[in-house]
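Have a look at the structure below, then the notes.
Only a predicted model underlies this, so the values are computations on that prediction, with no experimental measurement involved. To find a chain, count down the sequence lines: A is the first, B the second, and so on, and within it residues start at 1.
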2 protein chains.
Amino acid sequence: MVQYLTPPLDLSFTALSDATRRGIIDQLGRGDASITSLADKFQMTLTGMKKHVQVLERAGLVVTQKVGRVRTCKLGERGLKAEAEWIEAHRKLFEARFEALDEIISEMQQEGSDD
Amino acid sequence: MVQYLTPPLDLSFTALSDATRRGIIDQLGRGDASITSLADKFQMTLTGMKKHVQVLERAGLVVTQKVGRVRTCKLGERGLKAEAEWIEAHRKLFEARFEALDEIISEMQQEGSDD
DNA sequence: TAAATACTGAACTATATGGTTCAGTATTTA
DNA sequence: TAAATACTGAACCATATAGTTCAGTATTTA
């Protein structure tokens, strides 16, 4: 059984916090891509794109390999399992707090003394 | 039907990228809490904790209400639905790229010309 | 072998994060 | 009413993001 090392959630949630990087993941889902092709697609300098890819790599979400002068990027084998697990576990936490729906509804009828 | 405004994923993934803030969500899942009690629990100054709570608030994950001199924090009604949806959709993307398992296995037998 | 291509690294800018201290203000409580 | 409590805001620090330009190096290709 192969074990992929999962970097801490800090790194992956940081990687996912930028729309361009989420777009890169979308794109790589449609096929591997070079830094240049990604830079073109997202209207950015090569250097800028390289930095985004590095953030994704650090998080283990993307792996790259340089062959000749071309660096090819693809989705990392580790996937988004750890992230999905955290989100799902905590989604239940949120829902548990609000299953007393009538409380919310009655709150809606009165004005809260908020700031 | 109540519609909760969902701030962009940028804000929520940024909020989730810090271990202290993920811990705050854990904690609020066990019950509402004041800024002071959270600051104590996470060994941080009041001001530092307030900033973390503000990041969570901006993302809609936490809501706060000040009554008297105490600001009480609780989990936001909007939950983690949007985040779960993004993660799940893209998890499938990752998996689709790797369902050709034999490719991976054969890759494991040969050395890649990596950098 | 000369030119084009693909990337890399350093340096710079502006803004955000993650924390602090210090000096307030507002609200309880004794 | 004086003191304690709970928060707030400004200012500061170090580091990270998100981008750029410019000057390389390495690899194809003509």
Side-chain angles (χ1 to χ4, degrees), chain A residues 7-28 31-74 112-115, chain B residues 7-28 31-74 112-115:
Chain A
L9 290 176
D10 289 44
L11 294 181
S12 41
F13 283 133
T14 295
L16 297 178
S17 72
D18 180 85
T20 299
R21 284 192 294 264
R22 291 194 303 277
I24 293 168
I25 290 177
D26 272 351
Q27 192 57 43
L28 295 182
D32 300 350
S34 66
I35 305 281
T36 296
S37 71
L38 290 172
D40 287 351
K41 198 98 59 182
F42 292 90
Q43 304 247 94
M44 189 176 296
T45 58
L46 260 188
T47 311
M49 180 49 69
K50 188 173 190 270
K51 285 195 190 179
H52 278 306
V53 168
Q54 276 170 345
V55 173
L56 288 162
E57 246 188 311
R58 194 161 49 111
L61 298 174
V62 161
V63 294
T64 73
Q65 194 189 22
K66 192 168 185 176
V67 174
R69 63 186 170 184
V70 179
R71 180 172 295 278
T72 299
C73 309
K74 59 177 181 179
S113 65
D114 214 327
D115 57 331
Chain B
L9 289 177
D10 288 44
L11 294 181
S12 42
F13 283 133
T14 294
L16 296 178
S17 72
D18 180 83
T20 298
R21 283 191 296 263
R22 291 195 302 277
I24 293 168
I25 290 177
D26 272 350
Q27 191 57 43
L28 295 182
D32 300 351
S34 67
I35 305 280
T36 295
S37 71
L38 290 172
D40 286 351
K41 198 96 63 183
F42 291 91
Q43 304 246 94
M44 191 177 295
T45 59
L46 260 187
T47 310
M49 180 51 66
K50 188 172 191 269
K51 283 194 189 179
H52 278 306
V53 169
Q54 275 170 344
V55 173
L56 288 162
E57 246 188 311
R58 193 162 48 110
L61 298 175
V62 162
V63 294
T64 73
Q65 193 189 23
K66 192 167 184 175
V67 174
R69 63 185 170 183
V70 178
R71 180 171 295 279
T72 300
C73 309
K74 59 176 182 178
S113 64
D114 215 330
D115 56 330

- B/S/- along nucleotides 24-30 of chain C (protein heavy atoms under 4.0 Å) is ---BB--
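- Atom CE of M44(B) and atom P of dT21(C) are 12 Å apart (whole Å).
- When the C1' atom of dG19(C) is taken as reference, atom CZ of F42(B) falls 16 Å away, rounded to whole Å.
- Rounded to a whole Å, the CG atom of L56(A) is 12 Å from the P atom of dT17(D).
- For the side chain to side chain contact (heavy atoms under 4.5 Å, CB included) with H52(B), the qualifying choice from T20(B), L38(B), I35(B) is T20(B), the only one to do so.
- Rounded to whole angstrom, the span from the NZ atom of K50(B) across to the P atom of dA10(D) amounts to 10 Å.
- Note that the CD atom of Q65(B) and the CZ atom of R71(B) stand 9.0 Å from one another [nearest 0.5 Å].
- Distance Q54(B) CD to dT8(D) C1': 9 Å, rounded to the nearest Å.
- Note on H52(A): every side-chain N or O is 4.0 Å or more away from OP1 and OP2 of dT17(D).
- Contact check for T72(A) versus V67(A): no side-chain heavy atoms found under the 4.5 Å cut-off.
- With hydrogens and angles disregarded, a donor-acceptor distance shorter than 3.5 Å links the side chain of R22(B) to the backbone of L16(B).
- In this structure, the separation between CG on D26(B) and CZ on R21(B) is 14.0 Å, given to the nearest 0.5 Å.
- Side chains of S37(B) and D40(B) form no contact here, defined as non-hydrogen atoms less than 4.5 Å apart.
- Looking at M49(B) and I24(B), their side chains come closer than 4.5 Å, going by heavy atoms from C-beta outward.
- Regarding M49(A), its CE atom lies at a distance of 13 Å from the P atom of dT8(C), rounded to whole Å.
- Within 4.0 Å (heavy atoms only), L46(A) reaches at least one base atom of the nucleic acid.
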- Item | Bracket notation of DNA chain C in which parentheses pair within the strand, [ ] cross earlier pairs, and | pairs with another strand (Watson-Crick or G-U, under 3.5 Å) | ||||||||||||||||||||||||||||||
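- Taking 4.0 angstrom as the limit, R58(B) places a side-chain polar atom (N or O) nearer than this to OP1 or OP2 of dT17(C).
- Taking the side chain as every heavy atom from C-beta outward, R58(B) and V55(B) approach each other to under 4.5 Å.
- Taking NZ of K50(B) as the start and CD of E57(B) as the end, the distance is 8.5 Å to the nearest 0.5 Å.
- To the nearest angstrom, C1' of dA6(C) lies 11 Å from CG of D40(A).
- The side-chain heavy atoms of C73(B) and L28(B), taken from C-beta on, include a pair separated by under 4.5 Å.
- Looking at T14(B), its side chain does come within 3.5 Å of a backbone N or O of D10(B) through a donor-acceptor pair.
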- I25(A)/L61(A) under side chain to side chain contact (heavy atoms under 4.5 Å, CB included): CA gap, chis, key distance, verdict: CA-CA 8 Å; I25(A) 290 177; L61(A) 298 174; 4.2 Å; yes
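- Summary of the strand contacts: K51(A) and T45(B) both lie near DNA chain C, and taking for each the nucleotide with the nearest heavy atom, the more 5' one is attributed to K51(A).
- Applying the 3.5 Å distance criterion, the base of dG19(D) shares no donor-acceptor pair with the side chain of T47(A).
- Of the residues in residues 10-26 of chain B, those placing a heavy atom less than 4.0 Å from an atom of DNA chain C are T14(B), D18(B), R21(B), in numerical order.
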